[in-house]
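What you are looking at is a predicted structure, and each value in this text was computed from that prediction instead of being measured. Naming: A, B, ... by sequence-line order, numbering from 1 per chain.
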2 protein chains.
Amino acid sequence: MKRSLAKTTMNPLKPSAQPLYQQVKEHLVHRVLTGEWLPGHILPSETRLAAEYELSQGTVRKAIEEMASEGLVTRRAGKGTFVTSHNGDYQPFRFHRLYSDSGEKVASDRVTLLHTRVTAADKRICAALDLAPGAEGSEIFRLRRLHDRPALVETIFLPASLCPEAATLLEQRNPGSVYLFLEQQYNLLITRVLEQVRARLPSATEASYLEIDQNTPVLEVERTAFSLGGIAVEWRIIVGVTESMHYRNEVS
Amino acid sequence: MKRSLAKTTMNPLKPSAQPLYQQVKEHLVHRVLTGEWLPGHILPSETRLAAEYELSQGTVRKAIEEMASEGLVTRRAGKGTFVTSHNGDYQPFRFHRLYSDSGEKVASDRVTLLHTRVTAADKRICAALDLAPGAEGSEIFRLRRLHDRPALVETIFLPASLCPEAATLLEQRNPGSVYLFLEQQYNLLITRVLEQVRARLPSATEASYLEIDQNTPVLEVERTAFSLGGIAVEWRIIVGVTESMHYRNEVS
DNA sequence: CAGTGGTCTAGACCACATC
DNA sequence: ATGTGGTCTAGACCACTGA
């Protein structure tokens, strides 16, 4: 009964071949994307949403459960459903795949900001971030240490169209996590990264920063990071010494 | 009512703090592991399982849905629920993360078996596969080509305790997919792999097989593969030319 | 205490497979 | 025609949270 009601009343769900819970999920994702509920904030309860969409609680629940399994929202029994945030209880370094051979994550302690600049994106970056040729952006160079030895150098590019003034702001604050900065400053939540790993020899400057011989192979990780909604936000090159460090990955 | 019934009757579920659907899931996983239903075979319907466990269909459904989301079983509307198999509709190369820079997967066409031998596992392998020191096994060396150029050399170790006669059988058949072979020959379904990626210089023999200079950096992927139940089954080293090839990974 | 998500039940109708 | 999984409903009780 309710089913036909839901299809004929003035709620935002259109009649379609898609299951209702999928339509609800898409609509809720859209509402999160457009900032109706900001990261860290609470969503209406299942009961309220069910009333709003004129569906049963179980149908709304299935929509929210899928969003939770994708990490978009976090559910806490007795409290409510929250938009996930790199701030809150969500792990900030979940995208880092570099580990020392003894098993520790190469984390953000001992990160040094080398310098920043505003520059035009080269062809490679334009292709990765889907930018118009010659688009401008901020470039940040950083150095990370592990056990008091230089471990990796990072080059980060953020397009000016999405992240204005990023270079200056980052220089002022030097945050440990760029993704936390992106969320707080521009309301951009990184949910997915694509990485391409290669072996090569370091450039002269890379070798000097990493304090290695220029004939020592290094690991190059080229990363493109995407925000909610699938927009490419950040491009990054990580060059790492691979003597006592590796890139770790689990596939299931 | 049924709830207390389920806890007091002679079904395999023990009273515990765990949700019933979790207990059902664990028991079903155990039944798959012990070979009650083999890869490719059909499970009893939700209705039957619900009757067997004296629970509602919805509870059993939730258990099966979790198994399906983990890839252990595959559900087909109108037909039934099947134990997933590398044979069936399941993708055989889902663990391969090496791509040519033009985007194609470095697949199993053009795979050459170089040689095989029976040998004792070295310390590194024993640690990875959790074997007793000096345990024996089969070692297989293979070469893959891409665009008529040597692309990567593989060293594969399979412990004799789990995979007896693997060297001779592989030499006879030279299958494209080792994991399909493991499933068909030993009923071992690989569900998870752990990979560690490093950059290094090739050995003299690797360089000659790959037809590269010994000063050209190569990508080394060290992989441990686990079967259903979490037993480490295979250890593998993949050494790849990284000129026109990369290791690709997506994290979300 | 009332409200939240977490679990569980028992029904319903549907599209699809098989015979 | 029958049986399967896929969707949807409308209730129930629980444990946890916070005022």
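- Comparing atom distances between the A:Ser45 side chain and each of C:dT9, D:dG5, C:dG5 picks out C:dG5 as nearest.
- Picking from D:dT9, C:dT4, C:dT9 the nucleotide with the shortest atom distance to the side chain of A:Thr59 gives D:dT9.
- Taking the nucleotide of DNA chain D with the nearest heavy atom to each of B:Thr47 and A:Gly78, the more 5' of the two is matched to B:Thr47.
- As rounded to whole Å, 16 Å separates atom C1' of D:dT2 from atom NZ of B:Lys79.
- Taking the ring centre of A:Phe181 as origin, the terminal cationic atom of A:Arg173 falls outside the region bounded by 6.0 Å and 45° from the ring axis.
- In this structure, B:Ile64 atom CD1 and D:dT7 atom P are separated by 14 Å, rounded to whole Å.
- The only member of B:His30, B:Glu70, B:Glu65 that meets side chain to side chain donor-acceptor pair (under 3.5 Å) when paired with B:Lys25 is B:Glu70.
- Between B:Glu46 and B:Arg75, at least one side-chain nitrogen of the basic residue sits less than 4.0 Å from a carboxylate oxygen of the acidic one, meeting the salt-bridge criterion.
- A:Gln57 has its CD atom 10 Å from the C1' atom of D:dA10, to the nearest Å.
- Relative to the ring axis of B:Phe157, B:Arg236 does not place its NZ or CZ within 45° and under 6.0 Å from the centre.
- The distance between atom CZ of A:Arg48 and atom P of C:dT4, rounded to the nearest whole Å, is 6 Å.
- You won't find any donor-acceptor pair under 3.5 Å spanning the side chain of B:Arg75 and the base of D:dG6, going by distance alone.
- One interatomic measurement links the two molecules: NZ of B:Lys62 to P of D:dC8, which rounds to 17 Å at whole-angstrom precision.
- A straight line from CD of B:Gln23 to C1' of C:dC8 spans 13 Å, rounded to a whole angstrom.
- Comparing A:Gly80 and A:Arg61 along DNA chain C, the residue whose closest nucleotide (by nearest heavy atom) sits nearer the 5' end is A:Gly80.
- Stem regions annotated for DNA chain C: C:1-16 with D:3-18, counting only runs of 3 or more consecutive pairs of Watson-Crick or G-U type with both contacts under 3.5 Å.
- Closest to the side chain of A:Pro19, out of C:dT7, D:dG6, D:dT7, is D:dT7.
- Where B:Glu46 and A:Val60 meet DNA chain D, the nucleotide closest to each residue was compared, and B:Glu46 sits on the side nearer the 5' end.
- Checked against B:Leu72 for a side-chain contact (heavy atoms from CB on, under 4.5 Å), the options B:Leu28, B:Val32, B:Leu189 give a single hit: B:Val32.
- Remark: aromatic rings of A:Tyr99 and A:Tyr247 are distant, center separation not under 6.0 Å.
- Closest contact between the side chain of B:Tyr21 and the listed nucleotides C:dA17, C:dT7, D:dT4 involves C:dT7.
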